[in-house]
Amino acid sequence: MTAQRQRATATTSHRTPPVHVDPVDVPLETALLALADPVRQSLVRELARAGDWERSCGSFDVSVTKATLSRHFAVLREAGLLEQRDAGPKRLNRLRRAEFDERFPGLLDLVLRHGGEGLHVG
């Protein structure tokens with residue numbers, strides 16, 4: 001394989017693009033369940049401190065497998081909290097704070113304010 005083709009292969013993503021849900025289409029229960037998990041709360045807190053598109057999926061220090069982390073990101077997307085895009089081999093993340101706050105005023109602030117205490121739904 002030529003060097004040029006190797007570089008092209010290394011920067012081209014063959015993954016299926018992520019599916020995003022608009023927060024206006026998210027039921028309250030879905031939002032609450034997404035934010036009830038401590039790992040997802042940690043991801044949301046870290047994204048809230050970062051700039052848009054600054055954090056890749058692999059940059060989070062959480063004690064779960066890669067497959068489990070992918071599922072956590074999917075739950076956040078399905079709740080309208082997360083937008084993702086592929087940039088070469090990386091998948092970058094953006095917290096959809098403004099859109100989510102418009103749909104569920106104060107909910108994200110509550111999660112961010114409560115640090116690692118966790119919210120318990122159930």
Side-chain angles (χ1 to χ4, degrees):
M1 185 181 287
T2 67
Q4 183 178 9
R5 183 176 168 125
Q6 286 174 341
R7 278 192 302 272
T9 302
T11 59
T12 302
S13 176
H14 297 287
R15 292 184 285 190
T16 304
V19 175
H20 299 98
V21 176
D22 191 312
V24 299
D25 298 324
V26 174
L28 177 60
E29 182 180 35
T30 300
L32 290 172
L33 289 171
L35 291 168
D37 183 88
V39 172
R40 290 193 290 271
Q41 289 175 24
S42 174
L43 296 173
V44 167
R45 272 190 228 94
E46 289 189 42
L47 285 167
R49 289 190 294 263
D52 288 353
W53 312 116
E54 193 175 286
R55 298 291 302 268
S56 67
C57 292
S59 71
F60 293 88
D61 185 24
V62 291
S63 59
V64 297
T65 66
K66 187 175 178 180
T68 301
L69 183 59
S70 292
R71 180 65 191 138
H72 283 301
F73 283 124
V75 170
L76 292 172
R77 278 195 322 270
E78 292 162 6
L81 280 156
L82 181 68
E83 184 177 6
Q84 295 180 308
R85 71 176 184 201
D86 291 331
K90 295 182 179 182
R91 182 159 280 179
L92 302 177
N93 299 282
R94 178 181 82 85
L95 184 63
R96 298 175 74 181
R97 187 166 190 163
E99 302 99 303
F100 194 81
D101 283 343
E102 187 175 318
R103 172 71 171 108
F104 302 108
L107 181 57
L108 197 50
D109 286 335
L110 178 66
V111 171
L112 296 173
R113 206 173 32 243
H114 282 79
E117 297 170 31
L119 292 178
H120 301 285
V121 176

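Under the side-chain contact (heavy atoms from CB on, under 4.5 Å) criterion, S63 pairs with no residue at all, not counting sequence neighbours. Evaluation of the salt bridge (Lys or Arg N to Asp or Glu O under 4.0 Å) rule for R71 yields E78 as partners, not counting sequence neighbours.
When all heavy atoms are compared, the tightest approach of H72 to D37 is CE1-OD2, 3.3 Å. Scanning both residues, S42 and V62, for their nearest heavy atoms gives OG-CG1, 4.4 Å. When all heavy atoms are compared, the tightest approach of R96 to V21 is NH1-O, 2.8 Å. In this structure, V19 and R77 approach most closely via the heavy-atom pair O-NE, 3.2 Å. Counting all heavy atoms, side chain and backbone alike, R40 lies closest to A34 at NE-O, 2.8 Å.
Contact of the R91 side chain with the D86 side chain is registered, since non-hydrogen atoms from C-beta on lie closer than 4.5 Å. With a 4.5 Å cut-off on side-chain heavy atoms, L43 and L69 count as touching.
For residues 20-32, no pair satisfies salt bridge (charged side-chain N to carboxylate O under 4.0 Å, His left out), with sequence neighbours left out. Sorted by first then second residue, the salt bridge (charged side-chain N to carboxylate O under 4.0 Å, His left out) pairs that include residues 49-67, not counting sequence neighbours, are E46-R55.
Residues V39 and L35 share a hydrophobic cluster, clusters being chains of Ile/Leu/Val/Met/Phe/Trp/Tyr side chains in contact below 4.5 Å. The same ILVMFWY cluster, assembled from side-chain heavy atoms under 4.5 Å apart, contains both L28 and L82. By the criterion of side-chain heavy atoms lying less than 4.5 angstrom apart, applied directly or through intervening Ile, Leu, Val, Met, Phe, Trp or Tyr residues, L76 is grouped together with V64 in one hydrophobic cluster.
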If you look only at distance, which donor and acceptor atoms sit under 3.5 Å apart when one is on a side chain in residues 103-110 and the other is two or more places apart or in another chain?
| residue | atom | partner | partner atom | Å |
| --- | --- | --- | --- | --- |
| R103 | NE | P23 | O | 3.2 |
| R103 | NE | V26 | O | 3.3 |
| R103 | NH2 | V26 | O | 2.8 |
| D109 | OD1 | R97 | NH2 | 2.5 |

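Counting Ile, Leu, Val, Met, Phe, Trp and Tyr side chains that sit under 4.5 Å apart, directly or through other members, W53 shares a hydrophobic cluster with L92.
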Practice problem: Go through the steps for V44 and F100 under the test side-chain contact (heavy atoms from CB on, under 4.5 Å), then give the verdict. | Solution: CA-CA 12 Å; V44 167; F100 194 81; over 6 Å; no

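Within the model, atoms CG of L47 and CZ of R94 stand 10.5 Å from one another, a figure rounded to the nearest 0.5 Å.
Proximity of a side-chain donor or acceptor of Q84 to a complementary backbone N or O of N93 within less than 3.5 Å is not detected.
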